[in-house]
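What follows is a single structure, written as structure tokens, with notes after it.
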Amino acid sequence: MIDRLEKEVDMLERHLQVLRMVIENEPIGIVKMSNETGYPHHKVRYSLRVLEEENLIEPSSQGAITTERTHEFVEELDEKVDEIVGKMESMKIDSTAAEAE
């Protein structure tokens, strides 16, 4: 049950790392991102596609670039992550409560 969540978090981490590279190095291509991150080309390509579908990046002839939406997303990201972390914290089952049963 928790394995699926862990895989989703790993994938989100990769998407955000790719987005960070685009923000810091735009325009940037798949080969350079793959070389710098160590992710295979197909995983970088998938992350770019997801980011493009979310309108966070767009393709250009020189490589991926940010969009008008990117800045807004980045500003909201920390707050959203904090909210999710809070939810995850509240899901913990105290080991002493589990032992009492």
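Starting from 1, each residue takes its place in the sequence as its number.
- Around atom NE2 of H71, no more than 12 heavy atoms belonging to other residues, nucleotides or ligands sit under 6.0 Å away.
- For the pair T70 and T67, the minimum side-chain heavy-atom distance is below 4.5 Å.
- The CG atom of L77 sits 8.5 Å away from the CG atom of L19 when rounded to the nearest 0.5 Å.
- Using a 4.5 Å cut-off between side-chain heavy atoms of Ile, Leu, Val, Met, Phe, Trp and Tyr, with links allowed through other members, L16 and V18 fall into the same hydrophobic cluster.
- Residues A64 and I57 come closest through the heavy atom pair CB-CD1, 4.1 Å.
- Once rounded to the nearest 0.5 Å, the distance linking CG of L48 with CE of M21 reads 10.0 Å.
- Evaluated for a side chain to side chain contact (heavy atoms under 4.5 Å, CB included) with V85, the options E83, E89, M88 yield exactly one hit, E89.
- Distance check: I28 CD1 to I23 CD1 gives 11.5 Å after rounding to the nearest 0.5 Å.
- Hydrophobic clustering (side-chain heavy atoms under 4.5 Å, transitive across Ile, Leu, Val, Met, Phe, Trp, Tyr) keeps F73 apart from I65.
- In this structure, CG in N35 is found 11.0 Å from CE in M33, a value given to the nearest 0.5 Å.
- To the nearest 0.5 Å, atom CD of residue Q17 and atom CD of residue E36 are 10.0 Å apart.
- Judged purely by distance below 3.5 Å, without hydrogens or angles, the side chains of E26 and T66 pair a donor atom with an acceptor atom.
- Rounding to the nearest 0.5 angstrom, the gap separating the CG atom in L56 from the CD atom in E72 is 9.5 Å.
- Checked against side chain to side chain donor-acceptor pair (under 3.5 Å), E53 has no partners two or more places apart in sequence or in another chain.
- In the hydrophobic cluster analysis, where Ile, Leu, Val, Met, Phe, Trp and Tyr join through side-chain heavy atoms closer than 4.5 angstrom, L5 is grouped apart from L12.
- Contacts of M11 classified as side chain to side chain contact (heavy atoms under 4.5 Å, CB included), with partners at least two apart in sequence or in another chain: E8, R14, H15, Y46.
- Cluster membership for V22 and V31, using ILVMFWY side-chain heavy atoms within less than 4.5 angstrom, is not shared.
- There is no path of hydrophobic side-chain contacts, each under 4.5 Å, that joins I2 to I93.
- Nearest heavy-atom pair across E54 and R69 is O-NE, 3.6 Å.
- The minimum heavy-atom distance linking S34 with P40 is given by the pair OG-C, 3.8 Å.
- By the neighbour-count criterion of 12 heavy atoms within 6.0 Å, atom CD of E79 is sparsely surrounded, having that number or fewer from other residues, nucleotides or ligands.
- Under a cut-off of 6.0 angstrom, the local environment of CD in E76 is crowded, with over 12 non-hydrogen atoms contributed by other residues, nucleotides or ligands.
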